[in-house]
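Remarks on the structure that follows.
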Amino acid sequence: MLFVLYSQVFDLNCLIDLLLLKDKFLCVIIRLKEGANMGFDILFLGTGAADGMNAEFPDDFYNKNLRRCASALINGHILLDCGPHTLSSLAICGIDIKNITDIVVTHLHKDHLDLSAVNKIAKTNDSLKLYCREDAVFETEPECEICRMTPFLEYSIGELSVTGVPANHTQHPQHLSIEQNGKRVFYGLDGAWFLGETVEYLKNKKYNTFVFDATVGDYVGDYRMGEHNSVPMIRLMCESMKTLDIISENTLIVLSHIAMCLHKTHEETCATVIADGFTVAFDGMKIDI
């Protein structure tokens with residue numbers, strides 16, 4: 001059973017709940033204060049980049065400086081990516097893989113898609129569906145139904161409406177625009193900047209939560225600017241996105257896909273972006289919208 005240790009109001013119009021299982025720290029829930037209608041929840045199973053792909057991690061989320069490969073779980077049953085650490089993160093949270101009904105893939109890099117993990121889930125659920133961009137080419141076919149997504153078309157995945165939009169990355173990438181009950185979340189891992197056609201789609205969407213690729217830390221001059229964001233890049237984009245009503249002052253801006261080798265500690269990164277109003281994700285963080 002999960003217990004709420006305490007709630008605290010932060011400057012981001014959020015309530016923060018620390019959750020523990022017995023004496024072991026599990027995760028944090030961020031709850032948006034505005035809006036009475038229930039939207040959906042997102043559990044960050046991993047918030048790291050490929051530099052942690054072969055690392056060994058403990059069986060808890062206590063150390064926020066340790067970042068597993070990026071993946072997330074929506075409403076307890078829809079995965080966004082399924083990488084090499086996804087199954088162990090689900091186990092930490094006490095979530096049975098039998099509960100997974102759908103997997104939505106952002107791209108085919110191995111830190112985001114581990115076919116052996118997908119197949120383990122498929123063995124427990126013969127109706128599992130894996131959604132990917134329509135032109136994705138797998139090394140070996142997953143042992144489940146494959147649903148190919150055409151960019152800018154909306155798909156009903158469980159209770160969600162999900163649209164894949166082109167991303168500035170490699171290996172058949174797509175960012176995800178996700179909606180439920182009038183609430184919108186953008187999940188933008190991996191990628192850098194935004195393509196023109198994607199910006200046109202995002203205009204006037206007024207997202208409640210916007211998750212950025214923040215692979216690179218708070219410095220300039222990194223060579224990855226064509227495939228991953230840095231914190232200064234995100235600052236520039238946010239100001240422009242406000243003018244296009246993509247986000248607003250009330251949007252929860254979340255930084256994820258954080259390379260451990262390119263950032264300072266979690267605490268130092270949080271201090272760096274607190275004035276920007278950004279939330280630095282960590283493994284086990286849950287957003288209840």
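Here the shortest heavy-atom pairing between L43 and C93 reads CD2-SG, 3.7 Å. Considering all non-hydrogen atoms of both residues, V118 and C144 come closest at CG1-SG, 4.1 Å. In plain terms, the two heavy atoms of N125 and S127 that are nearest each other are OD1-OG, 2.7 Å. Scanning all heavy atoms of the two residues, the minimum distance from H263 to I258 falls at CD2-CG2, 3.2 Å. The minimum heavy-atom distance linking G83 with A117 is given by the pair O-CB, 4.1 Å. Residues A192 and G226 approach most closely at CB-C, 3.9 Å, considering heavy atoms.
Within the 3.5 Å criterion, the main-chain N or O of T265 finds a donor-acceptor partner in the side chain of E268. With S230 contributing its side chain and V216 its backbone, the two residues share no donor-acceptor pair below 3.5 Å. Proximity of a side-chain donor or acceptor of R133 to a complementary backbone N or O of P173 within less than 3.5 Å is detected. In this structure, S248 contributes its side chain and N250 its backbone to a donor-acceptor pair below 3.5 Å. The main-chain N or O of G191 is found under 3.5 Å from a side-chain atom of D213 such that the two form a donor-acceptor pair. Checked by atom type and distance alone, the side chain of T150 never pairs as donor or acceptor with a backbone atom of L153 at under 3.5 Å. Without hydrogens or angle criteria, D276 side chain to F278 main chain gives no donor-acceptor distance under 3.5 Å. With N208 contributing its side chain and V185 its backbone, the two residues share no donor-acceptor pair below 3.5 Å. No side-chain donor-acceptor contact under 3.5 Å links H175 to the backbone of A167. Of the possible polar contacts, none joining the N75 side chain to the F40 backbone as a donor-acceptor pair under 3.5 Å is found.
Hydrophobic clustering (ILVMFWY, side-chain heavy atoms < 4.5 Å, transitive): L66 and L87 are in distinct clusters. Residues L262 and V280 fall into different hydrophobic clusters, defined by Ile, Leu, Val, Met, Phe, Trp and Tyr side chains chained together at heavy-atom separations under 4.5 Å. Linking ILVMFWY side-chain heavy atoms closer than 4.5 Å, directly or via other members, places L244 and M233 in a single hydrophobic cluster. Placement of W193 and V199 within a single hydrophobic cluster is found when ILVMFWY residues are connected by side-chain heavy-atom separations under 4.5 Å, directly or transitively. By the criterion of side-chain heavy atoms lying less than 4.5 angstrom apart, applied directly or through intervening Ile, Leu, Val, Met, Phe, Trp or Tyr residues, I97 is grouped together with L130 in one hydrophobic cluster.
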Scan the side chains in residues 101-109 for donor-acceptor partners under 3.5 Å anywhere in the protein, sequence neighbours excluded, and list what turns up.
from : atom 1 : to   : atom 2 : distance (Å)
T101 : OG1    : H77  : O      : 3.4
T101 : OG1    : H77  : ND1    : 2.6
T106 : OG1    : D81  : OD1    : 3.1
T106 : OG1    : D81  : OD2    : 2.7
T106 : OG1    : L189 : O      : 3.3
H107 : NE2    : H109 : ND1    : 3.3
H107 : NE2    : D190 : OD2    : 3.4
H109 : ND1    : H169 : NE2    : 3.3
H109 : NE2    : T170 : OG1    : 3.2

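Taking the side chain as every heavy atom from C-beta outward, L45 and L79 approach each other to under 4.5 Å. The side-chain heavy atoms of T209 and T251, taken from C-beta on, include no pair separated by under 4.5 Å. Side-chain contact between Y219 and V231 is absent, with no heavy atoms from C-beta onward closer than 4.5 Å. Between N63 and P58 the shortest side-chain heavy-atom distance does not fall below 4.5 Å. L73 has its side chain within reach of I95: a pair of non-hydrogen atoms, C-beta onward, lies under 4.5 Å apart. Side-chain contact check for E134 versus P151: some heavy-atom pair is nearer than 4.5 Å. A 4.5 Å side-chain heavy-atom check between T163 and L176 finds every atom pair outside the cut-off. At a threshold of 4.5 Å between non-hydrogen side-chain atoms, the residues Q180 and S161 do not count as touching.
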Between S177 and Y207, does a side chain to side chain donor-acceptor pair (under 3.5 Å) hold up when you go through it step by step? CA-CA 9 Å; S177 180; Y207 285 92; 2.7 Å; yes
* To do: Show the numbers, then the answer: is there a side-chain contact (heavy atoms from CB on, under 4.5 Å) between S89 and F44?
  => CA-CA 9 Å; S89 289; F44 288 83; over 6 Å; no
Checklist line | Stepwise side-chain contact (heavy atoms from CB on, under 4.5 Å) test for I178 and I74 | finding: CA-CA 10 Å; I178 306 166; I74 297 184; 3.7 Å; yes
Which is it for S71 and L80 under the side-chain contact (heavy atoms from CB on, under 4.5 Å) test, yes or no, and what are the steps along the way?
CA-CA 6 Å; S71 64; L80 307 183; over 6 Å; no
*asked:* Quick one, D41 with I289, criterion side-chain contact (heavy atoms from CB on, under 4.5 Å). Give me CA distance, side-chain angles, the key distance, then yes/no.
replied: CA-CA 6 Å; D41 60 76; I289 300 174; over 6 Å; no
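Shown here is M53, whose CE atom has more than 12 heavy atoms of other residues, nucleotides or ligands within 6.0 Å. Residue-environment remark: CD (E267) stays at or below the threshold of 12 foreign heavy atoms within 6.0 Å.
Legend: residues meeting salt bridge (charged side-chain N to carboxylate O under 4.0 Å, His left out) with E141, ordered by chain and number and at least two apart, are absent. Here R224 pairs with D222 under the salt bridge (charged side-chain N to carboxylate O under 4.0 Å, His left out) rule; sequence neighbours left out. Partners of K206 under the salt bridge (charged side-chain N to carboxylate O under 4.0 Å, His left out) rule, at least two apart in sequence or in another chain, do not exist in this structure. The salt bridge (charged side-chain N to carboxylate O under 4.0 Å, His left out) search around D51 returns none, not counting sequence neighbours.
Under a 4.0 Å N-O distance rule, the pair R235/D218 qualifies as a salt bridge.
Note that CD1 of I246 is 8.5 Å distant from CG of N204, once rounded to the nearest 0.5 Å. Within the model, atoms CD1 of I146 and SG of C132 stand 6.0 Å from one another, a figure rounded to the nearest 0.5 Å. The distance from the CE atom of M241 to the NZ atom of K203 is 13.0 Å, given to the nearest 0.5 Å. To the nearest 0.5 Å, atom CG of residue N229 and atom OG of residue S256 are 12.0 Å apart. Atom CE of M149 sits about 9.5 Å away from atom CD of E154, to the nearest 0.5 Å.
D114 and S116 are linked by a side-chain donor-acceptor pair at a separation below 3.5 angstrom, with hydrogens and angles left out of the test.
Within the cation-pi definition used here (under 6.0 Å to the ring centroid, within 45° of the axis), K205 qualifies as a partner of Y201.
Among V211, D111, T47, the single residue meeting the side chain to side chain contact (heavy atoms under 4.5 Å, CB included) criterion with H257 is D111.
Relative orientation of the F186 and F194 rings is perpendicular, given thresholds of 30° and 60° on the angle between their planes. Using cut-offs of 30° and 60° for the angle between ring planes, the F212 and F210 rings count as tilted.
Sorted pairs that involve residues 116-136 and meet ring-ring contact (aromatic ring centres under 6.0 Å, His included), not counting sequence neighbours, are lacking altogether.
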